[in-house]
Participant: 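Encoded as structure tokens, here's the structure I'll be asking about.
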Amino acid sequence: MTNSILALCRHAPYGNTLAREGLEAILACAAMDQIPAVLFTGDGVYQLLEQAPEAINEKSLRRNLQAMPMFGIEHIHVCQKSAEARGIATDALQLAGAEIVLLADTGAFIRDFDQVLSF
């Protein structure tokens with residue numbers, strides 16, 4: 001019996017290590033054939049935008065994000081309310097090789113999982 005896993009990405013991409021650690025944990029799970037679902041919510045939606053992290057002496061998270069489809073994570077779930085509250089147009093949320101799925105009711109989505117990893 002396989003447990004269903006959700007990775008909940010709630011933090012902005014830079015300023016601390018939570019976003020990077022979360023993406024690395026997602027890829028590690030996928031590498032071990034435990035493909036998690038991924039939900040970007042709150043400030044985590046900023047992770048999906050094009051960034052210029054070198055301007056603040058940070059390393060880009062883009063490679064980690066771009067690796068997700070190669071590891072079998074082909075659907076990226078995004079809290080629609082979080083994106084709208086931050087003035088982010090849905091067409092700005094793109095990841096090559098993955099489908100962006102906007103969720104109006106994240107609570108119902110989260111309840112469907114056996115395990116939730118929060119980053």
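We count residues from 1, following the sequence as given. As the structure is a prediction and not an experimental result, all values here were calculated from the model.
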Participant: Can you tell me how far apart CD (Q94) and CD (E99) are? Round to the nearest 0.5 Å.
Facilitator: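 It is 12.5 Å, given to the nearest 0.5 Å.
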Participant: Same hydrophobic cluster for L23 and V78, using side-chain heavy-atom links shorter than 4.5 Å among ILVMFWY?
Facilitator: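 Linked, L23 and V78 end up in one cluster.
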Participant: Pairs in or reaching into residues 61-72: which pass salt bridge (Lys or Arg N to Asp or Glu O under 4.0 Å), with residues at least two apart or in two chains?
Facilitator: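 For residues 61-72, and leaving out neighbouring residues, the salt bridge (Lys or Arg N to Asp or Glu O under 4.0 Å) pairs sorted by first residue read E50-R62.
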Participant: Provide the closest heavy-atom pair for V45 versus C79 in the form atom of the first, atom of the second, distance.
Facilitator: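 Smallest heavy-atom distance, with atoms named: CG1-O, 4.4 Å.
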Participant: Answer with yes or no whether the hydrophobic clustering places F71 together with I5; edges join I, L, V, M, F, W, Y residues whose side-chain heavy atoms lie under 4.5 Å apart.
Facilitator: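 No, F71 does not connect to I5 through the hydrophobic network.
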Participant: Could you grab the distance from atom CD of Q47 to atom CG of N64, nearest 0.5 Å is fine?
Facilitator: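 These two atoms lie 9.5 Å from each other.
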Participant: Shortest non-hydrogen contact from A104 to K81?
Facilitator: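 That closest heavy-atom pairing would be O-CE, 3.6 Å.
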Participant: Mind jotting down which residue pairs meet the side-chain hydrogen bond (donor to acceptor under 3.5 Å, both in side chains) criterion with at least one end in residues 84-93? Sequence neighbours excluded, please.
Facilitator: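 Residue pairs with at least one partner in residues 84-93: D43-R86, Q80-E84.
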Participant: For L18, which residues count as a side chain to side chain contact (heavy atoms under 4.5 Å, CB included) partner, sequence neighbours excluded?
Facilitator: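 Checked L18 against side chain to side chain contact (heavy atoms under 4.5 Å, CB included); matches are H11, N16, E21.
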Participant: If I take atom CZ from residue F40 and atom CG from residue L49, how far apart are they, to the nearest 0.5 angstrom?
Facilitator: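 Between atom CZ of F40 and atom CG of L49 there are 10.5 Å.
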Participant: Decide whether V38 and L27 are clustered together by the hydrophobic rule: side chain heavy atoms of Ile, Leu, Val, Met, Phe, Trp, Tyr closer than 4.5 Å, transitively.
Facilitator: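 Yes, one cluster joins them.
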Participant: How far does CD1 of I88 sit from CG of L48, to the nearest 0.5 angstrom?
Facilitator: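 Separation between the atoms: 8.5 Å.
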Participant: Looking at A12 and A19, what are the two nearest heavy atoms and their distance?
Facilitator: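 Taking every non-hydrogen atom into account, O-CB, 3.5 Å.
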Participant: Could you work out, with side chain to side chain contact (heavy atoms under 4.5 Å, CB included) as the rule, every residue matching I35, not counting sequence neighbours?
Facilitator: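 Once residues adjacent in sequence are excluded, the partners of I35 under the side chain to side chain contact (heavy atoms under 4.5 Å, CB included) criterion are A30, I73.
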Participant: By the rule that ILVMFWY residues connect when side-chain heavy atoms come within less than 4.5 angstrom, directly or transitively, which residues belong alongside L103?
Facilitator: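 In the cluster with L103 are L6, L8, L39, V101, F109, I110, F113, V116.
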Participant: Holding to side-chain hydrogen bond (donor to acceptor under 3.5 Å, both in side chains), I want the full list of residues that pass it with R20, two or more places apart in sequence or in another chain.
Facilitator: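 Once residues adjacent in sequence are excluded, R20 has no partner under the side-chain hydrogen bond (donor to acceptor under 3.5 Å, both in side chains) criterion.
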Participant: Taking only residues two or more places apart in sequence or in another chain, which ones pass side chain to side chain contact (heavy atoms under 4.5 Å, CB included) with C29?
Facilitator: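 For C29, the residues satisfying side chain to side chain contact (heavy atoms under 4.5 Å, CB included) (neighbours in sequence not counted) are Q34, P36, L117.
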Participant: Please check: side-chain N/O of S4 versus main-chain N/O of D114, any donor-acceptor pairing under 3.5 Å?
Facilitator: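 Present.
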Participant: Listed by chain and number, what are the side-chain hydrogen bond (donor to acceptor under 3.5 Å, both in side chains) partners of T106, not counting sequence neighbours?
Facilitator: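 Applying side-chain hydrogen bond (donor to acceptor under 3.5 Å, both in side chains) to T106 gives none.
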Participant: Do I76 and L61 sit in the same hydrophobic cluster, where Ile, Leu, Val, Met, Phe, Trp and Tyr count as joined when their side-chain heavy atoms come under 4.5 Å apart?
Facilitator: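 Same cluster.
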Participant: Residues in side chain to side chain contact (heavy atoms under 4.5 Å, CB included) with E74, at least two apart?
Facilitator: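 Partners of E74 by the side chain to side chain contact (heavy atoms under 4.5 Å, CB included) criterion come out as none, since no residue qualifies.
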